[in-house]
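Okay, structure first, notes after.
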Amino acid sequence: MSEWRRYVIEIGMGIDQHGQDPTKAAIKAIKDAITRVCTVGLLELFELDLERDVKAEILIGVPYSQRVNIEKVKEVIPLPCEKVVKIVEGGLKGPGIALKEFGDKTNEILVAIAFITLYVRR
């Protein structure tokens, strides 16, 4: 019987300076974390089928977590594997400059933190 084993863990940060969109901050955090994930040789090393044998678990802490579009977040993850995304209230929000030309509703800057764990079935 095969079991899931943790392969890699990466952390990323994303900022939405204008628009106060927690989904944008979450997506930027995922993209930042992905730049640090090394999956080169994963298929060859373990003889894996990405769709069947790899799972990505993503935990994102961001202000206004209930407003995050989880499907948009999943689309950013380039691997064709199972994607489990959990969004929690977290990250940071701080004062910035409100510019109506950029769609700002307030002067808040939103910061999201993403934690990506890849598991392989062995």
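Just the heavy atoms: all of them, side chains too, but no hydrogens, waters or symmetry mates, feed the values below. These numbers were taken from a predicted model, which means no experiment stands behind them.
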So, for [X] and [Y], which heavy atoms are closest and what is the spacing to 0.1 Å?
{"X": "A29", "Y": "A112", "result": "CB-O, 3.7 Å"}
{"X": "P63", "Y": "G91", "result": "CD-CA, 4.2 Å"}
{"X": "A33", "Y": "G12", "result": "CB-N, 3.6 Å"}

Dump the intermediate steps for side chain to side chain contact (heavy atoms under 4.5 Å, CB included) on W4 and K55, then the final yes or no.
CA-CA 8 Å; W4 291 103; K55 175 172 56 172; 3.7 Å; yes

Picking from V76, D32, I60, what satisfies side chain to side chain contact (heavy atoms under 4.5 Å, CB included) with I27?
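Going through the options one by one, the only one that passes is V76.
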
About how many Å separate [atom2] of [Y] and [atom1] of [X], when rounded to the nearest 0.5 Å?
{"X": "K86", "Y": "S65", "atom1": "NZ", "atom2": "OG", "result": "10.5 Å"}
{"X": "Q17", "Y": "L99", "atom1": "CD", "atom2": "CG", "result": "10.0 Å"}
{"X": "E3", "Y": "R121", "atom1": "CD", "atom2": "CZ", "result": "11.0 Å"}
{"X": "K72", "Y": "I30", "atom1": "NZ", "atom2": "CD1", "result": "15.0 Å"}
{"X": "E82", "Y": "E51", "atom1": "CD", "atom2": "CD", "result": "12.0 Å"}

Group every Ile, Leu, Val, Met, Phe, Trp and Tyr by side-chain heavy-atom contacts under 4.5 Å, then state whether V68 and L110 land in the same group.
no

Linking I/L/V/M/F/W/Y whenever their side-chain heavy atoms sit closer than 4.5 Å, directly or via other members, would V62 and I116 fall into one cluster?
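Looking at the clustering, I116 is in the same group as V62.
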
Residue K83 excluded, over 12 heavy atoms near NZ under 6.0 Å
yes

Heavy-atom neighbours of Q66 CD exceed 12 at 6.0 Å:
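Enclosed.
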
Could you walk me through whether L79 and L118 pass the side chain to side chain contact (heavy atoms under 4.5 Å, CB included) test, one step at a time?
CA-CA 10 Å; L79 299 173; L118 292 182; 4.0 Å; yes

Linking Ile, Leu, Val, Met, Phe, Trp and Tyr by side-chain heavy atoms under 4.5 Å, what else ends up with L59?
I9, I11, M13, I15, V88, L92, I109, V111, I113, F115

Contacts of E75 that satisfy side chain to side chain contact (heavy atoms under 4.5 Å, CB included) - sequence neighbours left out
none

Residues 9-29 vs ring-ring contact (aromatic ring centres under 6.0 Å, His included), sequence neighbours excluded, gives H18-F102

Report yes or no: does D16 contribute a side-chain atom to a donor-acceptor pair with the main-chain N or O of P22 at less than 3.5 Å?
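Between the backbone of P22 and the side chain of D16 there is no qualifying donor-acceptor contact (under 3.5 Å).
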
Is it the case that the side chains of E108 and Y64 hold a donor-acceptor pair, with the cut-off being a distance below 3.5 Å and no angle test?
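Note: Y64 and E108 side chains meet the donor-acceptor criterion.
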
Does the pair T117 and E57 meet the rule for a side chain to side chain donor-acceptor pair (under 3.5 Å), with working shown?
CA-CA 5 Å; T117 306; E57 287 186 355; 5.4 Å; no

Are any of the side-chain heavy atoms of D53 and V120 separated by less than 4.5 Å?
no

